Protein chains: 2
Amino acid sequence: MAGKPAWATPTSVDPENACPIGPVVDIVFSRWTTPILWSLNEHGRQRFVELERRIATITPKVLTQRLRQLERDGLVVRTYYPEVPPRVEYEISELGRSLAPLFAHLAEWAAGNLGQVEQARRDYDTQPGR
Amino acid sequence: MAGKPAWATPTSVDPENACPIGPVVDIVFSRWTTPILWSLNEHGRQRFVELERRIATITPKVLTQRLRQLERDGLVVRTYYPEVPPRVEYEISELGRSLAPLFAHLAEWAAGNLGQVEQARRDYDTQPGR
DNA sequence: CGGTATCCCCTACGATACTG
DNA sequence: CAGTATCGTAGGGGATACCG
């Protein structure tokens, strides 16, 4: 990154640079990833059907997609047992588990502030003239 | 397994959303919200064009949509000055600012672990037979 | 069991105007 | 300046069926 002088303050930057947490949000908070990671962290090693049943509204196609993505990102470990019938188990990786405090932080914020968000919505929606 | 993980909330878990942080993720980490909140938190009060220029790749339509949503959720305060030409300023609310430690936590995780994610991706992609 | 393969729909988003 | 209005599209899921 030695091309740009430090004094060259850009008037605009691409979203990645505009927000340092952009990339990590894409990785951790893309759709379905939080229920999956949460389930694996809370209930430990699970088979495909267990996850499918626990998340309930997810389709097998999407569950596969998200699990592959999480595996590729190193957040989930997939283990295949060549038995009959075949068995596959998913577990959260060490890297994935390192997200636990972050998730706890998020849950804590939710517990303390979600009510305010809901109240704000009610207030906003009852404003006359919208 | 070692009992209850740190991120498990005692509040009843919705069987639909097998994940207590589902709602808060929708509020805080839906598309474009993090760059907007980050910008408002980092650079203070800003007018519409300032945000537009800073985020650069966002269109005015979408910026409006997201700002309205954030306003409705009580994370952003919109102030309209009926001047000629009109002036509108956006600032992060107290509730929105309460997300700052969370964002910092996220940035910290990213700084420490994003490299591992990228390495995991490289490893995964260089596996033969995919 | 643990997935693919297809088809299809919906809507979030982008592009391009235009206005008070 | 601070937005709307309108149109068009891509692709992320859902539903269903099928395979090793």
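We name chains A, B, ... by the order of the sequence lines, and we start the count at 1 in each one. Only heavy atoms go into these numbers, but all of them, side chains included; no hydrogens, no water, no symmetry mates. Predicted model only: the values in this text are computed from it and were never measured.
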- prompt: After noting the C-alpha distance and the side-chain angles of B:R68 and B:Q65, does the key distance pass the side-chain hydrogen bond (donor to acceptor under 3.5 Å, both in side chains) rule?
  reply: CA-CA 5 Å; B:R68 289 283 187 280; B:Q65 286 174 349; over 6 Å; no
Residues which pass side-chain hydrogen bond (donor to acceptor under 3.5 Å, both in side chains) with [X], listed by chain and number, not counting sequence neighbours:
X      : value
A:Y81  : A:R45
B:E52  : none
A:D123 : A:Q119

- request: Taking salt bridge (charged side-chain N to carboxylate O under 4.0 Å, His left out) as the test, write out the residues that go with B:E108, two or more places apart.
  value: none
- request: Apply salt bridge (charged side-chain N to carboxylate O under 4.0 Å, His left out) to B:R87 and list each qualifying residue two or more places apart in sequence or on a separate chain.
  value: B:E83, B:E89
query: Between the two ends of the helix from C:dC1-D:dG20 to C:dG20-D:dC1, what is the bend in degrees, rounded to 10 degrees, where each end axis spans five pairs?
result: 50°
query: Within this structure, what is the CD-to-C1' distance between A:Q46 and C:dC1, rounded to whole angstrom?
result: 16 Å
message: How many whole angstroms separate atom CZ of A:R31 from atom C1' of C:dC10?
response: 12 Å
- prompt: Between A:I58 and B:P85, which is nearer to the 5' end of DNA chain D once each is assigned its nearest nucleotide?
  reply: B:P85
task: Any salt bridge (Lys or Arg N to Asp or Glu O under 4.0 Å) involving residues 93-106 of chain B? Give me the pairs, sequence neighbours left out, ordered by first then second residue.
output: B:E94-B:R97
query: Any ring pair (Phe, Tyr, Trp, His ring centres under 6.0 Å) pairs touching residues 100-123 of chain B, not counting sequence neighbours?
result: A:H105-B:H105
- line: Outer limits of DNA chain D sitting under 4.0 Å from a non-hydrogen atom of chain B, read 5' to 3', are D:dC1 to D:dT6
Any N/O pairs under 3.5 Å between the protein and nucleotides 2-5 of chain C? List them or say none.
from  : atom 1 : to    : atom 2 : distance (Å)
C:dG2 : OP1    : A:R47 : NE     : 2.9
C:dG2 : OP1    : A:R47 : NH2    : 3.2
C:dG2 : OP1    : A:V88 : N      : 3.2
C:dG2 : OP1    : A:V88 : O      : 3.4
C:dG2 : OP2    : A:V49 : N      : 3.3
C:dG3 : OP1    : A:R68 : NH2    : 3.4
C:dG3 : OP1    : A:R78 : NH2    : 2.8
C:dG3 : OP2    : A:Y90 : OH     : 2.7
C:dT4 : OP1    : A:R68 : NH2    : 3.0

- prompt: Sequence neighbours excluded, which residues qualify as side-chain contact (heavy atoms from CB on, under 4.5 Å) partners of A:V77?
  reply: A:T79, A:E91, A:S93
query: Can you name the ring-ring contact (aromatic ring centres under 6.0 Å, His included) partners of A:Y90, sequence neighbours left out?
result: none
